[in-house]
> 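Dropping a structure here in structure tokens format, bear with me for questions.
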Amino acid sequence: MSAQKAAGPVDSREADPADYETDVLVIGYGCAGAAAALEARALGAEVILLERAGGGGGSSAHSGGEIYLGGGTPIQQACGFTDTAGDMEAYLLAALGPNADAEKIRLYCEGSLEHYEWLSSRGVPFKPSLWDSPSWVPPTDDGLMWLGENAMPFAALAKPAPRGHRVTSEGYGGKVLMKVLAEAVDEADIPVHTDTYAGQFILDGGTVAGVVATRFGKTVTYRARRGVILATGGFADNAEMVALHAPRLTGLGVTSDGGDDGHGIRMAQALGAGTARMSSAQVGITLIPGLVVRGMLVNAVGQRFINEDQYPGLLGQAALFKQDLAVWVILDEKAYEEVPEQERWGVVPHFAAETVEELEQEVGMPEGSLTGSVREYNRHAAAGEDPYFFKNKRWLRPLEPPFAAIDVRRGMTAPESGSAGGGGASVFTLGGLQTGPDGEVLDVSGVPVPGLYAAGRATAGIYGQGYISGTSLGEGTFFGRRAGAAAAAVPGR
Ligand SMILES: Cc1cc2nc3c(=O)[nH]c(=O)nc-3n(C[C@H](O)[C@H](O)[C@H](O)COP(=O)(O)OP(=O)(O)OC[C@H]3O[C@@H](n4cnc5c(N)ncnc54)[C@H](O)[C@@H]3O)c2cc1C
């Protein structure tokens, strides 16, 4: 028996008279909702923002604040990089695939410079300096970072350029991003109704015309003359939805503000909206990118399965979906010591030994398995080569005794987001509502549901299977803006 809240619509003839009326109603005040509200307001629409929490922010405010932008932004140029929308597009198509949304990726890349300007002119700060080592969130306030663009196989598909634009902040940058967007929302005089949970759509002859919400136990009814935009985030916190749609994520840690309950997605599903990529996820594997890139990532039988310099979320996906997260980081003392303590987030080796044979035995791998892998790795690394997975030679050197192993499933504690990664990873969902390029929610036949738009992690966005950091805040705000503009352009009813 399902314990899910009722999500079906209410017919407008049966709904209470409206407590509030507006042109565009935006549900959810994270980055996607803020961007949608700002754009709709800028085009002259009356807007109300609904938020279930006591204030705006959502997961966006908890995030690292990396935003995926490129095509030759001022920050890239200041750091000495040239870039094109075409190279950005080729990278994202490959790294977010297979079956990433090609049309949306093209729009996102072609619009990236303008989107940078939009963010920057609202006051989102980016510092023109490069952090040049794999990391989840760099310990400095450098404003630009690589997100796997210079790793194979991608480096051969598109000219690499770093595109991770980090909002300048002490620690994680999401709070600064949302503070700036919230200031813009205030300046635009957009009413924000907090502590208000949207529960059901109001349908007027097949068109979404508002929502029935609850505030402190009381029903509040909203009518929208032009459109309703869902920006309610993903469903990683809803165990039942995860079990139904993304069972492999069950039991793992969740990367969210705790409120990704998927109810917005279910409200739209109840109208016949299609969903896509529901099992795709960002897999924040609990390893330190700076450590693994200097060593080896191996499975339960001591074999490498990926080049360790790829964006760590792709290491996570490969480890979860192909190795069941039974993976170890193998490194030597030099590799460990090369990574400054503040970047190690408290991670220490779980096993250490003078020889690889002893380490293999301690970890419980088959005799000769890890020994063979290290021998092969070292033989080729001595020549600056990795003929198995083509790790960049910057990170290649033979590993020397003493050796150590880190059991990834033991987890780690990420600063600001607390303990992360039950069982070896912390995840958020990438799947969600099927939308067109202007955020129009599509039904199972691909036809827009009249009056309904969506953006951010409530949608399947630009993704196929893969994920690259910065794309969630990036595409959430980019397509949030498009949804806001599209809803504002609808003739009022
Ligand atoms: C620790 C951490 C680090 C991260 N780092 C990055 C990063 O560096 N770069 C990146 O791109 N992504 C990052 N992410 C992921 C990213 O933050 C999210 O995927 C993104 O913020 C989602 O934006 P959103 O606007 O769709 O949802 P949210 O920001 O979650 O906003 C949704 C809002 O809707 C509200 N809401 C939900 N349901 C209802 C309802 N029924 N009625 C009313 N309100 C409702 C919620 O309370 C919430 O405020 C990170 C996430 C975390 C937690």
Side-chain angles (χ1 to χ4, degrees), residues 5 7 25-37 49-69 135-138 145 147 164-167 169 171-175 177-178 181-182 192-201 211-215 220 222 228-238 253-268 281-282 284 313 414-418 420 426-430 432-433 454-459 461 463 467-480 483:
K5 286 188 271 285
L25 182 65
V26 181
I27 308 174
Y29 190 2
C31 70
L49 247 170
L50 286 198
E51 170 54 50
R52 70 187 245 180
S59 293
S60 307
H62 290 252
S63 75
E66 289 153 16
I67 307 184
Y68 203 84
L69 298 162
S135 169
W136 287 116
V137 182
M145 65 190 286
L147 291 169
H165 286 62
R166 288 188 60 224
V167 177
S169 161
Y172 288 16
K175 52 190 178 290
L177 171 70
M178 284 312 297
L181 292 180
V192 179
H193 294 191
T194 55
D195 300 299
T196 308
Y197 189 86
Q200 291 172 288
F201 286 124
V211 298
V212 177
T214 44
R215 185 184 306 136
V220 197
Y222 289 83
V228 174
I229 302 176
L230 271 179
T232 44
F235 63 92
D237 288 304
N238 183 326
V254 176
T255 307
S256 78
D257 64 346
D260 280 4
D261 72 356
H263 186 69
I265 297 173
R266 293 178 59 249
M267 280 163 69
Q282 149 67 349
E416 295 198 34
S417 54
S426 181
V427 298
F428 62 85
T429 52
L430 298 176
L433 299 170
R457 291 290 51 78
T459 77
Y463 304 101
Y467 180 76
I468 295 296
S469 193
T471 54
S472 191
L473 297 175
E475 73 102 48
T477 47
F478 183 83
F479 288 101

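Along the sequence shown, residues carry numbers from 1. First listed ligand is number 1; within each ligand, the first listed atom is number 1. All figures in this text were calculated on a predicted structure; none of them were measured in a lab. Worth knowing before you read on, the calculation uses all heavy atoms, side chains too, and leaves out hydrogens, waters and symmetry mates.
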> Taking only heavy atoms of Gly456 into account, list the atoms of ligand 1 that are under 4.0 Å away from them.
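Result: 26 (O).
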> Which is it for Ala414 and ligand 1 at heavy atoms under 4.0 Å: side chain, backbone, both or neither?
neither
> Counting heavy atoms only, name the option from Ala36, Ser63, Gly259 that's nearest to atom 3 (C) of ligand 1.
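Nearest option to atom 3 (C) of ligand 1, by heavy atoms: Ser63.
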> Working to the nearest 0.5 Å, report the span between CH2 of Trp136 and CE of Met145.
9.5 Å
> Roughly how far, to the nearest 0.5 Å, is CD1 of Ile27 from NE2 of His193?
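So the gap between those two atoms works out to 13.0 Å.
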> Number the atoms of ligand 1 from 1 as they appear, then name those within less than 4.0 Å of a heavy atom of Tyr467, with their elements.
10 (C), 11 (O), 12 (N)
> Just jot down the ligand 1 atoms closer than 4.0 angstrom to any heavy atom of Gly470, in number order.
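Those atoms are 9 (N), 10 (C), 11 (O).
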> Tell me: protein heavy atom nearest atom 31 (O) of ligand 1, and distance?
Gly30 CA, 3.3 Å
> Kindly compute the distance separating CD (Glu51) from CG (Asp195), expressed to the nearest 0.5 Å.
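Glu51 atom CD to Asp195 atom CG measures 8.5 Å (nearest 0.5 Å).
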> Just to confirm my output: which protein heavy-atom neighbour is closest to atom 20 (C) of ligand 1, and how far is it?
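Protein heavy atom with the smallest distance to atom 20 (C) of ligand 1: Ser472 OG, 3.7 Å.
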> What protein heavy atom sits nearest atom 35 (C) of ligand 1, and how far away is it?
Glu51 OE1, 3.2 Å
> Within a strict 4.5 Å, meaning less than it, do heavy atoms of the Asp260 and Val254 side chains meet?
no
> What are the two closest non-hydrogen atoms of Ala455 and Gly476, and how far apart are they?
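What the structure gives for the nearest pair is CB-O, 4.3 Å.
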> Provide the closest heavy-atom pair for Glu66 versus Pro138 in the form atom of the first, atom of the second, distance.
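Where Glu66 meets Pro138 most closely, the heavy atoms are OE2-CD, 4.1 Å.
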> Got Arg166 and Val137 here, is their nearest side-chain heavy-atom distance under 4.5 Å?
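In short, these two side chains touch, coming nearer than 4.5 Å.
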> What distance do Asp237 atom CG and Thr429 atom OG1 have between them, rounded to the nearest 0.5 Å?
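It comes to 8.5 Å.
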> Indicate yes or no: does an N/O atom of Ala458 lie under 3.5 Å from an N/O atom of ligand 1?
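Such a contact does not occur with ligand 1.
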> Side chain, backbone, both or neither: which applies to Ala231 and ligand 1 if a contact is any heavy-atom pair less than 4.0 Å apart?
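Only the backbone of Ala231 comes within reach of ligand 1.
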> Out of curiosity, is Cys31 lining ligand 1, as in a heavy atom under 4.0 Å away?
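Right, Cys31 reaches ligand 1.
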> Enter the distance from Tyr68:OH to His165:NE2 here, rounded to the nearest 0.5 Å.
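With rounding to 0.5 Å, OH (Tyr68) is 10.0 Å from NE2 (His165).
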> Could you tell me whether some N/O pair between Phe428 and ligand 1 is separated by less than 3.5 angstrom?
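In this structure, Phe428 places no N or O atom under 3.5 Å from an N or O of ligand 1.
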> State, to 0.1 Å, how close Gly56 and Tyr29 come at their nearest heavy-atom pair, and which atoms those are.
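Taking Gly56 first and Tyr29 second, the nearest heavy atoms are CA-CD2, 3.4 Å.
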> Any N or O of Asp261 that comes nearer than 3.5 Å to an N or O of ligand 1?
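In this structure, Asp261 places no N or O atom under 3.5 Å from an N or O of ligand 1.
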> Does any N or O atom in Asp257 lie less than 3.5 angstrom from one in ligand 1, N or O only?
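So ligand 1 has no N or O lying under 3.5 Å from an N or O of Asp257.
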> Which of the numbered atoms in ligand 1 are below 4.0 angstrom from a heavy atom of Thr471?
11 (O)
> Check each heavy atom of Ile67 against ligand 1 and say whether those closer than 4.0 Å belong to the side chain, the backbone, both or neither.
neither
> How close do Ser59 and Asp257 get, heavy atom to heavy atom, and via which atoms?
OG-N, 3.1 Å
> Without swapping roles, check the side chain of Arg266 against the backbone of Lys5 for a donor-acceptor pair under 3.5 Å.
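Side chain of Arg266 to backbone of Lys5: a pair is present.
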> Return the residue, atom name and 0.1 Å-rounded distance of the protein heavy atom closest to atom 39 (C) of ligand 1.
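Closest protein heavy atom to atom 39 (C) of ligand 1: Thr232 CG2, 3.5 Å.
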> Among His193, Glu66, Arg266, His165, whose heavy atom sits nearest atom 8 (O) of ligand 1?
Glu66
> Go through ligand 1 atom by atom and flag the ones less than 4.0 Å from a non-hydrogen atom of Tyr29.
33 (C), 34 (O)
> Using only heavy-atom distances, determine whether the side chains of Thr471 and Tyr463 contain a donor-acceptor pair under 3.5 Å.
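On atom types as modelled, these side chains qualify, holding a pair under 3.5 Å.
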> Is there a heavy atom in Thr196 that sits closer than 4.0 Å to ligand 1?
yes
> Starting from atom 26 (O) of ligand 1, find the nearest protein heavy-atom neighbour and note its residue, name and distance.
Arg457 N, 2.9 Å
> Considering heavy atoms of the protein only, find what lies nearest to atom 52 (C) of ligand 1 and give residue, atom and distance to 0.1 Å.
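Ranked first by proximity to atom 52 (C) of ligand 1 is Thr255 CG2, 3.3 Å.
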> Is any N or O atom of Ile27, backbone or side chain, closer than 3.5 Å to an N or O atom of ligand 1?
no
> For ligand 1, which atoms, with element, lie under 4.0 Å from some heavy atom of Gly57?
29 (O)
> Using 0.5 Å steps for rounding, measure from the OG1 atom of Thr232 to the CG atom of Asp261.
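One finds 8.0 Å between OG1 of Thr232 and CG of Asp261.
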> For residues Ser426 and Thr255, is any side-chain donor paired with an opposing acceptor at under 3.5 Å?
yes
> At what distance is the nearest protein heavy atom to atom 41 (N) of ligand 1, and which residue and atom is it?
Ala198 O, 3.0 Å
> Can you sort out which atoms of ligand 1 are near Ser60, meaning under 4.0 Å from one of its heavy atoms?
17 (O), 20 (C), 21 (O), 23 (O), 25 (O), 28 (P), 29 (O)
> Among all the protein's non-hydrogen atoms, which is closest to atom 10 (C) of ligand 1, and how far away is it?
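Residue, atom and distance for the closest contact: Leu473 CG, 3.4 Å.
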> Within ligand 1, which atoms have a heavy atom of Ser59 less than 4.0 Å away?
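Heavy-atom distances to Ser59 below 4.0 Å select 17 (O), 21 (O), 28 (P), 29 (O), 30 (O).
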> How close do Arg215 and Thr194 get, heavy atom to heavy atom, and via which atoms?
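Shortest heavy-atom contact: NE-O, 3.9 Å.
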